[in-house]
Amino acid sequence: MTDNDHNSHSPINPNTLPNFACMPNVATMDTSHVDKEQPPFILVDGSYYLFRTYHALPKTMQNSQGLITNAIRGTLNALLKLMRRYHPTHMAVCFDTKSPTFRHAMSEEYKANRPKMDVELAEQIPYIHRLVAALGIPLLRIEGAEADDIIGTLAYRAVAEGHHVVISTGDKDMMQLINDCVILEDSFTGKITDGAGVVEKFGIEPHQMIDFLTLMGDSSDGIKGVPGIGKKTAKDLLNKYGNIEAMLANVADIKGRAGKNLVEYADDIPFNAQLATIVTDLEIGQDWTDLKINTDPCAHIDELRALYTELEFRNELASLDHPNHPANGSQSVAHAQADSESQAQIAKSLQSSTTDNITDSKSRDSAWHTILDAPAFDSLVKRLEAAPHFVIDTETTSVYWRQAEIVGLSFALQAHEAYYVPLTHRLEGDELSAKQLDRDTVLARLKPILENPNIGKIGQHLKYDAHVLSHYDIDLIGAIHASPNNWAMDTMLASYVINAAITRHGMDDLARHYLQTQTISFEDVAGKGAKQVTFDQVAIDIASDYACEDADITYQLFDIFHKKLSDDENNAKLLHELEIPTAEILCQMEANGILIKRSFLNELSERFDEEIIALEKRAYEIAGEEFNLGSPKQLGEMLFDKLGIPGGKKTKSGQYSTGEAILSKIDHPLVEIVLEYRGLSKLKSTYTDALANVADAKSDRVHTSYHQALTSTGRLSSTDPNLQNIPIRTATGRLIRQAFIAPAGRVILAADYSQIELRLMAHFSGDKNLTQAFNEGLDIHAATAAEVLGKEVAEVTATERRNAKAINFGLLYGMSAFGLAKQLQMSRGEAQEYIDMYFERYPGVKDYMINTRASAYEQGYVETILGRKLYTPDITHSNRMVKQGAERAAINAPLQGSAADIIKLAMIAVDKVLPKDQGKMLLQVHDELVFEVDSDKVDEISQLITDAMQDVLTTTAAEKGWQVDFAVPLLVETDSGANWDEAH
DNA sequence: GCATCATCTTA
DNA sequence: GTAAGATGATGCG
């Protein structure tokens, strides 16, 4: 094939208007002759992908020359996705040109609001053109015509020639081209729109689309529309009258502003309609037979190789040698049929067996498969049984593991290949759903494989899948770490170990970050907001792409992480010896749940409610009017404006600050009431009401979810509900803790590390005074006060101890004089004096602060006791505040992060020694573990746990190969009782 | 309906 | 001064 770009000549005069009156209409054309069994003719709106991917993908995608490549990558991915999915024989990628079109000639406003194209995008365009050519795909640009018009023309021509058509675009204007042989597919989002899709989205038929746009206008294209007619009115009118012509004929019947304006603006309608109409009879000057894809895989391979090399697309370069690459001649009709389940939406008549090919791995070159018959499943099972490891992913009805039901399973045994086994899809009208295999039969067959510890399991956030599978009596998590091989992996945890600072470790984020791929998002297949459906309501062919992509991407991530981890032994150890075992234990803890006393919570709720009402009443009396006590805005205005109380400070958003710190300084009866009201309503809404609501209706147990890859330091977090912030400081708050109980015959046992972060400070700093205080077993805050003030520990007063405690905590947080002054309500000078005295007595601690800052600056990271690297990117930030914030975080991170390491080790150690029939681990609260244990075994178990936790660095850590010579003792305190309050 | 702010809870 | 999550109010679309 010759260079397709030679068609950039000017076949139409931009100042000559097309003849709209005779323009063929794609939406209403005859399609009876079309052969849907052939692959579709693919028409790509190249300009759409250019802009969409340029703005959606990160600008950090660059080659080493500094060329931003995000639009190139995005457009390439869209093209490859299309070729993999449809194996087309005919295809064209269409682009706009810079020159004006007949629409510009018609209207000065047409696209007048569009800003000039960014240079960073413009310089990517030549590469995209070259890429398209190198892939063997015809490329069309026509001066004076837009991509839309080329596509409109080609769509008409293609259907006339007997092809069905897939238009690849995200532009809603193109919906006017849809008929039962022409559909739209947005290859960036994965969304497919056919006639039914238009009806669903706008409530009108595709052939009404031009009238629809004409009536309601389109500001981005400069179409004005009829004033007073928006989306909804346009839809209603079209449904009633069918088209604008009929509307105008009956305009007297149309009431209100719409009717009036239809008359008034009737003259503008033909003009707007022309702007909205896509041209379908453009003179293209293109030999029709040239719109075939060049099927010779070698034709452009050198150009492709050169391009990939220059752009530094390493994966793509490597995949040139992979048989699955679409550039490797995958366009035969036979192949297209092999992947025909993805075409079900357009070729519903095609119901032949679609999965027979999976046994024949040699001829297979379509990457993703849907398993819908027993032989296909059989051969998949055989491959899984024989595999050393594979990716598994469950698709379910809910993101909440507790209520998730399995909808399907996906697998990958190597990169760029995946299988989806749909099980319980039940979308009305989805013909494939009748062909699904039986869920229980499939699960029974898979159980021995999933539970086989010698077959490694790879997954993204495996804890979730383990929970779901456990609902069907399959123990996935138990099989993971039992594996003697090193292949089991959770890609989310791997990413977290490698760099916790990248904030999000979801699969979409990882795909973007490590694979430069935008995945199909869940919202694209299931909708969003209130209209979102559960996965079982997603059509199987769409669901299959989504699920296969998940498994495929996970495998690709596994490859990358496996390589990264083999280059960093300690990271590999952190993943396999710390995080994955912790995940297993967390899974059990979440499933265990903690028992609550529902009646007690309900009583508390009522009691709080009565008090809240009484407080409100008193507040209204004092204020002289009713207002919302819970609104900081209204409260601020009441206190500082209406009542004229002095001391009002504004927050950055301009309203009065009414936080506890401000209010407690004000002596006023209303303030007292507000503080009490706040406390009670917090307790009621966040705890007593919420806990009773989330507790299991049958078992009265509360099951939290621990997030293991979220914090920047290695700590866990807890949600739904958060059981790591249950009140303890006030007497009323502690009542909540009394609702956490043990079942009959058992008690709650809590074990916490005493002052673990300060002990870590002693360890890391090696400070003599601090180390000595811990080694002598002193009250650390009193000892600090005595040391700084130069007196005996016994002579330290309560205030002196309190101040010392504040200093000690301040140290852990990277303290500044400003912060300490605020905490202790003293002047900044006094606070600084206090800090100086402290550092004089604890010079090692001062050195630690200086050294940690310096090493964070030099290395870009700090390390925990187990060598977890915590990156501190903001340490070089140009903004001083941000930089100082990063310095404080850098000082805190090794301490908080090491404490997190230690308690994870402790969980592993305790899990090993705790007799399963005598007690269960229930909660982790950063430095505390909570258990329920048999009442008659409390003393033994308590000792067992204490020993395991205190000795964890010399036993568990050492066994796993971490040599830590800890400078001070690790002290654990335990207590037990009928409830969590008593156990503390 | 969704995002952000202010507030309050924990280690 | 570190690290988190949940809630109600408020403002935007």
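A note on names: the letters A, B, ... follow the listed sequences, proteins ahead of strands, and every chain is numbered from 1. The shown structure was predicted, so the numbers you read here are calculated from the model rather than taken from an experiment.
Residue contacts for Phe809(A): at a heavy-atom cut-off of 4.0 Å it reaches no nucleic acid atom on any strand shown. In this structure, Ser718(A) reaches the sugar-phosphate backbone alone: every heavy-atom distance under 4.0 Å involves primed, P, OP1 or OP2 atoms, never a base. Counting any heavy atom pair closer than 4.0 Å across all strands shown, Glu928(A) reaches no nucleic acid atom. Base engagement by Ala806(A) is indicated by at least one non-hydrogen atom pair under 4.0 Å involving a base atom. In this structure, Asn722(A) reaches the sugar-phosphate backbone alone: every heavy-atom distance under 4.0 Å involves primed, P, OP1 or OP2 atoms, never a base. Contact annotation for Gly630(A): backbone-only contact, meaning every heavy-atom pair under 4.0 Å involves sugar-phosphate atoms and none involves a base. Note on Ile728(A): only backbone sugar-phosphate atoms sit closer than 4.0 angstrom, heavy atoms only; bases stay farther off. If you check every strand for non-hydrogen atoms under 4.0 Å, Ala893(A) touches nothing.
Comparing dA4(C), dA6(B), dG8(C) by their closest approach to the side chain of Ser717(A) singles out dA4(C). Here the side chain of Pro632(A) is nearest to one of dG5(C), dT7(B), dA11(B), namely dT7(B). In this structure, of dA6(B), dG1(C), dT2(C), it is dG1(C) that holds the atom nearest to the side chain of Leu820(A). Taking every side-chain heavy atom of Ser712(A) into account, dA4(C) is the closest of dA9(C), dA11(B), dA4(C). Of the candidate nucleotides dA6(C), dT9(B), dG1(C), dA6(C) has the atom nearest to the side chain of Asp720(A). In this structure, of dA3(C), dT7(B), dT2(C), it is dT2(C) that holds the atom nearest to the side chain of Arg888(A). Of the candidates dG5(C), dA6(B), dA11(B), the closest approach to any side-chain atom of Arg737(A) belongs to dA11(B). Checking dT10(B), dG5(C), dT2(C) against every side-chain atom of Asn892(A), the shortest atom distance belongs to dT2(C). Nearest to the side-chain atoms of Leu710(A) among the listed nucleotides dA4(C), dT9(B), dG1(C) stands dA4(C). Residue Arg678(A) places its side chain closer to dC8(B) than to any other of dC8(B), dA11(B), dA6(C).
Using a cut-off of 4.0 Å between Lys/Arg side-chain N and Asp/Glu carboxylate O, Arg737(A) and Glu982(A) are scored as not salt-bridged. The pair Lys642(A)-Glu625(A) counts as a salt bridge, with a side-chain nitrogen and a carboxylate oxygen less than 4.0 angstrom apart.
For dA6(B), the OP1/OP2 oxygens have a side-chain nitrogen or oxygen of Thr651(A) closer than 4.0 Å. Applying the 4.0 Å criterion to OP1 and OP2 of dG8(C), one finds that Thr686(A) has every side-chain N and O outside that range. Contact check, Lys682(A) against dT7(C): no side-chain N or O comes under 4.0 Å of OP1 or OP2. The phosphate of dT10(C) (OP1 or OP2) has a side-chain N or O of Ser631(A) nearer than 4.0 angstrom. OP1 or OP2 of dT7(B) has at least one side-chain nitrogen or oxygen of Thr658(A) nearer than 4.0 Å. Remark: Ser653(A) is in phosphate contact with dA6(B), judged by side-chain N or O atoms under 4.0 Å from OP1 or OP2. A close approach under 4.0 Å does occur between a side-chain nitrogen or oxygen of Lys633(A) and OP1 or OP2 of dG11(C). Proximity of Thr711(A) to the phosphate of dA4(C): no side-chain N or O atom is located under 4.0 Å from OP1 or OP2. Residue Arg729(A) has no polar side-chain atom (N or O) positioned under 4.0 Å from OP1 or OP2 of dT9(B).
Here CE of Met761(A) is found 10.5 Å from CZ of Phe774(A). Values are rounded to the nearest 0.5 Å. Here Tyr848(A) contributes atom OH and Phe764(A) contributes atom CZ; the two are 6.0 Å apart, rounded to the nearest 0.5 Å.
In this structure, Leu923(A) places its CG atom 13 Å from C1' of dT10(B), rounding to the nearest Å. As rounded to whole Å, 10 Å separates atom P of dG8(C) from atom NZ of Lys684(A). Rounded to whole angstrom, the span from the CG atom of Leu760(A) across to the P atom of dT2(C) amounts to 19 Å. Summarising the geometry, the separation between CE on Met761(A) and P on dT2(C) is reported as 14 Å, rounded to the nearest angstrom. Regarding Gln634(A), its CD atom lies at a distance of 12 Å from the C1' atom of dG8(C), rounded to whole Å. The distance between atom CG of Leu663(A) and atom C1' of dC8(B), rounded to the nearest whole Å, is 12 Å. Taking atom CG of Leu716(A) as the reference point, atom C1' of dA3(C) lies 12 Å away to the nearest angstrom. A straight line from CD of Gln724(A) to P of dT2(C) spans 19 Å, rounded to a whole angstrom.
Panel note: side chain Tyr706(A), backbone Gln924(A); a donor-acceptor pair is recorded below 3.5 Å. Formation of a donor-acceptor pair under 3.5 Å by the Arg759(A) side chain with backbone atoms of Pro969(A) is found in this model.
Lys650(A) forms a cation-pi arrangement with Tyr656(A), by the criterion of a distance under 6.0 Å to the ring centre and an angle within 45° of the ring axis.
Within a 6.0 Å radius of CD in Gln532(A), more than 12 heavy atoms belonging to other residues, nucleotides or ligands are found.
Evaluation of atom-type donor-acceptor distances gives a pair under 3.5 Å for the side chain of Gln896(A) against the base of dT2(C).
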